[in-house]
Amino acid sequence: MEYESNNWIWDGVYYCPRLFGGLMLTAALLGLSTTYFGGIGLFPLSYVWSDSGIFHKKKCEKKRIRVYMDGCFDLMHYGHANALRQAKALGDELVVGVVSDEEIIANKGPPVLPMEERLALVSGLKWVDQVIANAPYAITEQFMNSLFNEHKIDYIIHGDDPCLLPDGSDAYALAKKAGRYKQIKRTEGVSSTDIVGRILCSVKDTEGGGDHTSTLLNGDSGERCHSQRAQISQFLPTSQRIVQFSNGKGPGPNARVVYIDGAFDLFHAGHVEILKKARQLGDFLLVGIHTDHIVREHRGMPYPVMHVHERSLSVLACRYVDEVIIGAPWEVTKDMITTFNISIVVHGTVAESNSLLPGETDPYAFPKSMGIFRLLESPKSLTTSSVSQRIVANHEAYVKRNVKKAQSEMKYYEEKTYVAGE
């Protein structure tokens, strides 16, 4: 039999000096040795004590790596979620900085979503452990020291796309210089700019042109918008990406499965809050994502802005969601309830449209007949349409500011030329 080495002695002295000293003193007073017992075989003290666990060496716990990633997270989409998923994979705990409204306005223009809504979206992601509100747009030396010392951050993470400040400098130069910077891959096929473009072009298509929409789109031609509309998304869904976002486990044998369905287009804070509320009613939250055809049929153009796979990934990234049905039917049938062992079906009070098409039956008729349907009071009045309207309003304001600025500059140069001509 192999015993531990005499390192237990020094461990005992270090970790339990008083206990160790008392035992040694007792042993000395008793003359505890093999001669004291007349040669009677005795287990070595090192074995007895080590077996009792008194002086087992404390196992060094592996230091948990804390990583930091920041962003505006305006118009949260699956690209943001995938970036944070990759960031979390580089450490054990992910801390996310959400840039303040003031900093966004100063560096990029007014955000579509205010801080409160952006915080709800980021906090609702399954990979996020902690959120820092009102983070600066640029990582200054002072803020970087705060991350390292107060928040115990080991590495600062950013995507492989360049992030430049208004003066053209690298926003992460200090982190790179400190050797505490790591990089992740940018998610292909999506960006906030792309989503804004889809919405603005949809407005152009819907309204059929005219001076107002021409100004709105900053001079873009209808042909260009139709071309963009035809290529609504560059995203190519793969089974691997879906697996990366999935929890990878089903409900337990006696789990209470809650079902909620919808379009979940332009995933926003209202979606997060209703999903959180639904999840609290059971042990497993199953979310049905309607097909593009169903959404378009019930809401008309320009919806959905995001196609079904994009919407599914956004929902899967939410920490309150356990599983999704990609392309769920409009009607909740008996077969669905039986197949997925659904205990309760819920629907929020705030939706784009709760009206039925001519001749259409209530999609919740069967769960209502079973007594398992429940209408949930939506915590927020936010909808996809209201978010779209904000985007259009922001863009109009942006264009008007630019037009006014251009007119002022033109007037200045005209006056200057006139004076020079005199």
Side-chain angles (χ1 to χ4, degrees), residues 71-81 99 101 104-114 117-118 121 161 186-236 263-271 290 292-293 295-311 313-314 351-353 381-407:
C72 301
F73 302 105
D74 201 19
L75 288 184
M76 174 70 79
H77 50 70
Y78 65 90
H80 292 132
V99 178
D101 294 345
I104 296 175
I105 291 170
N107 289 277
K108 301 180 74 173
V112 175
L113 307 180
E117 293 177 13
R118 291 185 288 118
L121 280 165
D161 52 321
R186 181 187 176 279
T187 305
E188 74 291 342
V190 68
S191 69
S192 296
T193 304
D194 166 53
I195 294 170
V196 169
R198 296 186 204 180
I199 293 168
L200 296 178
C201 283
S202 296
V203 170
K204 175 77 174 179
D205 289 347
T206 304
E207 296 186 1
D211 294 338
H212 171 73
T213 48
S214 294
T215 303
L216 173 68
L217 295 168
N218 200 19
D220 282 350
S221 67
E223 288 77 16
R224 178 180 171 185
C225 281
H226 282 294
S227 173
Q228 289 182 2
R229 184 69 183 162
Q231 297 177 358
I232 190 169
S233 174
Q234 304 285 328
F235 175 60
L236 299 175
F264 296 98
D265 197 16
L266 289 181
F267 198 72
H268 53 68
H271 293 139
H290 293 318
D292 297 344
H293 174 74
V295 176
R296 194 170 296 116
E297 189 177 37
H298 286 85
R299 298 186 185 175
M301 294 295 286
Y303 302 106
V305 176
M306 315 286 284
H307 71 57
V308 67
H309 292 102
E310 295 176 304
R311 293 183 282 120
L313 287 179
S314 293
E352 293 291 335
S353 174
S381 59
L382 198 61
T383 65
T384 300
S385 293
S386 63
V387 172
S388 297
Q389 288 163 7
R390 291 184 196 176
I391 291 170
V392 173
N394 274 16
H395 190 77
E396 285 182 317
Y398 170 78
V399 170
K400 285 177 181 177
R401 282 197 305 271
N402 281 356
V403 169
K404 190 175 181 180
K405 183 180 178 182
Q407 288 172 342

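Count residues from 1 along the sequence. Scope of the values below: all heavy atoms of this structure, side chains included, with no hydrogens, waters or symmetry mates. Because the structure is predicted, anything quoted here is derived from the model rather than measured.
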**Request:** Please report the C-alpha distance between Asp194 and Arg198 in whole Å, then the side-chain angles of each, then the deciding distance to 0.1 Å, and finally whether the salt bridge (Lys or Arg N to Asp or Glu O under 4.0 Å) criterion is met.
**Result:** CA-CA 6 Å; Asp194 166 53; Arg198 296 186 204 180; 2.9 Å; yes

[atom2] on [Y] to [atom1] on [X], rounded to 0.5 Å:
X      : Y      : atom1 : atom2 : result
Ser192 : Lys108 : OG    : NZ    : 7.0 Å
His290 : Glu297 : NE2   : CD    : 11.5 Å
Leu113 : Asp74  : CG    : CG    : 4.5 Å
His271 : Ser314 : NE2   : OG    : 10.0 Å
Ile195 : Ile391 : CD1   : CD1   : 8.0 Å
Ile199 : Leu266 : CD1   : CG    : 4.5 Å

Within-4.5 Å side-chain heavy-atom neighbours: [X] and [Y]:
X      : Y      : value
Met76  : Arg118 : no
Leu121 : Phe73  : no
His77  : Leu313 : no

**For Pro111 against Ile105, the heavy-atom pair lying closest together** =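 Distance-wise, the nearest heavy atoms are CD-CG1, 3.9 Å.
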
**Message:** For Pro110, run the side-chain contact (heavy atoms from CB on, under 4.5 Å) check against Asp101, Asn394, Ile104 and tell me which one passes.
**Reply:**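 For Pro110, the side-chain contact (heavy atoms from CB on, under 4.5 Å) check succeeds only for Asn394.
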
**Candidate list Asp265, Val295, Thr384, test side-chain contact (heavy atoms from CB on, under 4.5 Å), partner Met306, passing option** =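 Of all the options given, the one that passes is Asp265.
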
**Listed partners of Ser385 passing side chain to side chain donor-acceptor pair (under 3.5 Å), at least two apart** =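 So Ser385 forms a side chain to side chain donor-acceptor pair (under 3.5 Å) with Tyr303, Glu352.
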
**Request:** State whether Arg311 and Asp292 are salt-bridged, where the test is any N-O pair (Lys NZ or Arg NE/NH1/NH2 against Asp/Glu carboxylate O) under 4.0 Å.
**Result:**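 So Arg311 pairs with Asp292 through a salt bridge.
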
**Residue pair Leu382, Arg390: steps toward the side chain to side chain contact (heavy atoms under 4.5 Å, CB included) verdict** = CA-CA 11 Å; Leu382 198 61; Arg390 291 184 196 176; 3.1 Å; yes

**Request:** Name the orientation class of the two ring planes belonging to His307 and His309 (parallel below 30°, tilted from 30 to 60°, perpendicular beyond 60°).
**Result:**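 If you compare the ring of His307 with that of His309, the planes turn out perpendicular.
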
